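These notes concern the structure reproduced below.
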Amino acid sequence: MATKTGPKCPICGKPAVPEHRPFCSARCRQVDLGRWLSGDYVIPGAPVPEEDDKEN
Ligand SMILES: [Zn+2]
């Protein structure tokens, strides 16, 4: 009942381990890293705000 609720792996949803947090394993960490490097990482619910050109 009093289970410690730590962060979950953003890749597969498994409980993250301190050694690889916030991921559950080195594998998931690599997957996440690959997404970043490929520029294909999309954060849901975080639209990029577009600002008008304000020169001053
Ligand atoms: Zn994982």
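The residues of the chain are indexed from 1 along the displayed sequence. Counting convention: from 1, in listed order, for ligands and their atoms alike. What you see below is based on every heavy atom in this structure, not just the backbone, and it leaves out hydrogens, waters and symmetry mates. These numbers were taken from a predicted model, which means no experiment stands behind them.
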- Quick one: list whatever passes side chain to side chain contact (heavy atoms under 4.5 Å, CB included) with Lys14, sequence neighbours left out.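 Side chain to side chain contact (heavy atoms under 4.5 Å, CB included) list for Lys14, sorted by chain: Cys12, Cys24.
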- Tally, protein N/O/S atoms nearer to the Zn ion (ligand 1) than 2.8 Å: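 Count of protein N, O, S atoms less than 2.8 Å from the Zn ion (ligand 1): 4.
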Nearest heavy-atom pair of [X] and [Y]: which atoms, and what distance?
{"X": "Lys8", "Y": "Gly13", "value": "CD-O, 3.6 Å"}
{"X": "Phe23", "Y": "Pro10", "value": "CE2-CG, 3.3 Å"}
{"X": "Arg29", "Y": "Glu19", "value": "NH1-O, 4.2 Å"}

- Only one of Ser25, Pro22, Cys28 clears side-chain contact (heavy atoms from CB on, under 4.5 Å) with Ile11; which?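 Option passing the side-chain contact (heavy atoms from CB on, under 4.5 Å) with Ile11: Cys28.
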